[in-house]
Every structure is written in structure tokens, then in C-alpha cells.
Amino acid sequence: MAERLRENTGKTFLSGVLLLSLSTVLVKIIGLIYKIPMLTYLGSVGMGYFNSAYEIYALFCVISTAGLPVALSVMIASARARGNGGEVRCIWRHSLRIFIGVGMLGTAVMLLFSRRFCQMIQSEHALGSILAISPTVFFICVSSALRGYFQGYQRMLPTAVSQVIESLGKIVFGVLLARYALGRGYDTPTVAAFAGMGLTLGTALSLLYLVLEKIRFSPGEEEDTALAEPRLPSAARIWSRLAKLAIPMTLGASLVSMTKLVDMTMILRRLQSIGYSEVLANEAYGSYTTLALSVYGLLPTLVNSIALPLVPMLSAAIASGDRARQEDMIRNSYQLTALFALPASLGVAAYAEPILRLLFGGTPSAVEIAAPLLSALGMSVFFSCMITATNSVLHAYQAVKRPIVSMLAGAAIKILTAYLLIGNPRIALLGAPISTFLCNVTVVCVNLLFAATLCHVSGLWQLFWRPLAAATLSIGVSYAVYWILSTHIGKHAMLTVSAILLAMIFYLIFALAMGAVKESLIQMLPQGDRLCKILKKLRLLGVSPATEKKGAFK
């Protein structure tokens, strides 16, 4: 029985990763679409209140769910591998109590200390949004328990579907409730609170789906027929194992969320210290988070979902002890990340204002505020993607504490530079994306140093300069065409879309012509062999001397 479970795990792992990656991308797209009507209903000021409450919720959500569901899935999978159905039921029963308790505690803290949070961020009008969102912590905790349970059975579909339901529920309920509040003539903080109720209802609907799936789910014959251990683990032992697995992962994820919360507090307080009123500070913060950060956050998700399947391949190479193969896989993961992230970085920096006008054209004042901020965030896209790539390498080598060290270093740099730059009236809010860039660069550099101690990869510059040159040329040519045409026919939406498509075509041509795309990389993609044959027929892909040798990227 245990052997059969191990075989099934190996067969379903990659498909599960791809499924979750696709659902994450879909959730990000829905989230971006959600903000378009919400910005119309709430305005930049209202979105500032909503996003302030959301960042506080996000911190509690990360603390409650970042490591616990993963730890639960690991414990359940381990018990199943031993063929012990009794232990599986015992783990689920005792772990569920932990999730429910943590969820209730998180919701209670948000409710009881809501006014204190408002004072901390100097945004009294965010109170209604914080109260409206607070029940979501409980719902998301119980949902995470169910997701961890299903993942322990290698069933990723319930997690993927529940994430999509949560996002769709948020947009449907949020828009309907915001429209209702506007129709009743409520003020902006109250409309933002009604929008927050939409998030709570969407999460509750997602939880309902997971509960129904759990009722319908039949674990299989191993839980019904397997011999249970004479003595099942006690509740204290299960909770101890859960904490031991979850705490390191939770700390790492909490640092990211804590940095965002500190960033929000820093922005609102420092802007007011240089003369902004509370309303103007929230308007600037709302434009930055709703427009600039939404587009910025979407791109790393898209790129990271492409590189994610490489992680188990590296883990397999490490397990086999093949150092040459390990170096090959690390090079491949870095280069594949660079191939997609570098043009995305330069494209966002160049086309920030046209992209925002295309998505949020109904709010020109918010676009005007956010455009230079998104442009400054552009170069952070590449380093954000490299953080995921380098973290994956460290996790594959089971060096789980080192990403925490690098994140602490990056957070320290971000807090210091944000405080100094945002407090400078000549820089003001532009200091936020600059501090993000410096933070990401710090994390990547520290991660690369850590990774080099585990498996030294020489000549990293060789992996990046060709994609960088191809991206620079393609973005430069396409933007020149865009600028010339826009001066004659105006900055139309179709012109923006056409210019971005032109940049993508040019990048593909330049990248292939300059040898930035290697045959071994293309072969890793779906239908990679067939794609290589087509490119060779078009004479866009040749075999370089390096790729003819064993260990193509040495």
C-alpha cells in the first residue's frame, strides 16, 4: 500500500504544481479586474482605507495560514505513506482544533484592537473596513485546514477551485455591496467597509465549497482497511510536530507581510509628516497600492508559475548526488527566470503610464499619481522573480532558515530607505518603490551568496546579459514606434496593445538571434521537442558549441 502511494505521489506532483500555478495566475488576474470597478466606486481615497485594512488582515492571514496547511499536508502524506489510516484521522481531528482556535484568535484581535490599528497607521477612517474584513481570518484559517488535508492526499483541485471561488466571490459581492452603499448615499469610509464585506462573503463561500468537498470525499481503502498503530499519537505530540514544521515557513512568509504592513504605516505617517492631510495621504497610498502594486504583483506571479516546475527537478538532482546536474538545473532556473522577467521589468518601466491608462482609464487622477511609481517599480519585477528562483534553490537544499536571514536584511534596508526617502518632500511617495527595489536587490544578492556555498555556479553574468540585451533592444524599438505614432494619432488603447505585442515579437526574434534561448531550456517546456524542430526549420535555433557538450550550461 505504501509503495502504491509513493508511486501515485510521483505521478501527480508535477500536475498538481501546474494546476495550483494556473489557479494562482487566474486569481491574480481576477484580483486585478476586481480593482478596476472598485476604484471607480471608492476612488483613490476609499481604496486607501480598504487597502489599509487589507494589509492588516493579510498579516494575520499569513501568520495563521502560511506554514500550518503545508505542515498538515506533510504530516498526513507521511501517515498515508506508512499505510496508517488511524493516524491520518487523528492528525486531522487534532489539527482542525488548532486551525479553528488560531482563526478565532486572529478575528478577535482584529476586532478588539481595530481602533489601535487605525491609530498606528494614522487612518481613523479605515475602522469600518477593518471591522468588515476581520471575520475573514477565521474563514481563511478553516479553509486552509481543509486545503492542507486535501493536499496531503495529493488532491490539488479543491485548493485551486476554492481559490478561484474566493476571488470571484470577492469581486461579485464586493461590487454589489459597494454599489448598494453608494446608492444609499453613504460616505466613502462606509462604502469601503461594504466592499470589505464582499471579501468576507467570498471567503465564506470558498469555505462552504471545501466543507462540501470534504463531506463528499472518500479517502480510499487505505484508511478503511490499513492496520492502525496500537497507540495513536497524542494531541500534544501532533501539535508539537505541526509547530515544528510550520514555524520556520510562517516566519519567512510573515517577514514579507510584515514588511508590507510597515511599508503601509511608513507611507501614511511619513507623508503626513511632510504636510499631507489624512485624506491626501490615503489618496496617494490608494493609487499606489491599487494601481501600481496590482500590476507589479501580477507579473512576478506569471513568471514564477512558469519556473516553478523546475524545482522538483532540482530536488531530484540533489537527491541523486549529481553535482554537475545540480549546477545545470540551477543555471536553467536562473536563466529561464531572466528570459521572462527582464523584458517584463523593462516593459513595465517603459509602458507604465499606457498600461495604467488602458486598465484604469476611468480614473485619470489616480493614473497620474501611480504611473511614475509603477515605472520606478519596473526594475523590481526582475529581482522579485529572482527572489523566488533563489529561494527555491535554497529550499531544494533544505536550507530553510537562510531565506529568513536574507529577508531580514532586505526588510531592514527597505524600512531605513523608505523612512528617509518618503520623508523627503522632493521624493515623497516615490521613495516607496525605490526602497522596494533596494530591498529586492539585497535579498537576491544574499540568496546568491548562500546558494554559492551549496552549489557554486560560475559565470552568472553570462546567463543574464543576452536576455538583458534582447529585452533592451525590443523595448527600445517598440517604444520608439509607439512614441512616433502616438504623436500623430493619439495614445489610443489599441496602440498600447499593439506596441506591447510588437515588443514581444521583437524580443522573441532578438533572444533567438542572440543565442539567449538554449535548446535545453525549450525542451523543458510543454511540447518542447516539437517547438525545437520548428525553430530549427525557421533557422531561429541552432546548436551552439556549448550545448553540444555534456552539461550544456557549463
Once you round to the nearest 0.5 Å, how far does OG of Ser406 lie from CG of Asn447?
-> 3.5 Å
Kindly give the heavy-atom pair with the smallest separation between Met38 and Ala178, and that separation in Å.
-> CE-CB, 4.0 Å
Give a yes or no on whether the backbone of Phe382 and the side-chain of Ser345 come within a donor-acceptor separation of less than 3.5 Å.
-> yes
Residue pair Leu127, Arg115: steps toward the side-chain contact (heavy atoms from CB on, under 4.5 Å) verdict = CA-CA 6 Å; Leu127 176 63; Arg115 292 189 180 276; 3.4 Å; yes
Relative to each other, are the rings of Tyr49 and His125 parallel, tilted or perpendicular (30° and 60° limits)?
-> tilted
Could you tell me the separation between the CZ atom of Phe360 and the OG atom of Ser44, rounded to the nearest 0.5 Å?
-> 10.0 Å
Rounded distance [0.5 Å steps], CE in Met47 versus OG1 in Thr290 | 3.5 Å
Does some side-chain heavy atom of Met110 sit less than 4.5 Å from a side-chain heavy atom of Val137?
-> yes
By ring pair (Phe, Tyr, Trp, His ring centres under 6.0 Å), Phe139 pairs with (sequence neighbours left out) none
Could you point out which residue of Ile330, Leu336, Thr337 forms a side-chain contact (heavy atoms from CB on, under 4.5 Å) with Tyr334?
-> Ile330
Is there a donor-acceptor pair closer than 3.5 Å between any side-chain N or O of Ser95 and the backbone N or O of Trp92?
-> no
Would you say the side-chain atoms of Ser114 pair up with the backbone N or O of Leu111, donor to acceptor, closer than 3.5 Å?
-> yes
Does a side-chain heavy-atom distance below 4.5 Å link Arg179 with Leu182?
-> no
Which heavy atom of Ile56 sits nearest a heavy atom of Phe117, and at what distance?
-> CD1-CB, 3.7 Å
Flag for Asn440-Ser384: side-chain donor and acceptor within less than 3.5 Å = no
Could you verify whether a donor N or O on one side chain and an acceptor N or O on the other, from Lys35 and Ser294, lie under 3.5 Å apart?
-> yes
Distance-only check: which donor-acceptor pairs under 3.5 Å involve side-chain atoms of residues 188-205, not counting sequence neighbours?
| unit_1 | atom_1 | unit_2 | atom_2 | d |
| --- | --- | --- | --- | --- |
| Thr190 | OG1 | Asp187 | OD1 | 2.5 |
| Thr200 | OG1 | Ala132 | O | 2.7 |
| Thr200 | OG1 | Thr136 | OG1 | 2.8 |
| Thr203 | OG1 | Leu199 | O | 2.9 |

Considering only heavy atoms from C-beta outward, does the side chain of Val348 approach that of Tyr296 to under 4.5 Å?
-> no
Side chain to side chain, Ile133 and Tyr57, heavy atoms closer than 4.5 Å | yes
Locate the shortest heavy-atom distance separating Ser134 from Thr107; write the atom from each residue and the value.
-> O-OG1, 3.0 Å
Centre of Tyr149's six-membered ring, under 6.0 Å away, within 45 degrees of the axis: is that where NZ or CZ of Lys214 sits?
-> yes
Has the side chain of Ser162 got a donor or acceptor atom that lies under 3.5 Å from a matching backbone atom of Leu210?
-> no
Just wondering, do Ser144 and Phe99 contact through their side chains at under 4.5 Å, heavy atoms?
-> yes
Polar contact flag, side-chain donor to acceptor under 3.5 angstrom, Ser206-Ser143 = no
With side chains defined as the heavy atoms from C-beta onward, is the minimum distance between Asn282 and Ser52 less than 4.5 Å?
-> yes
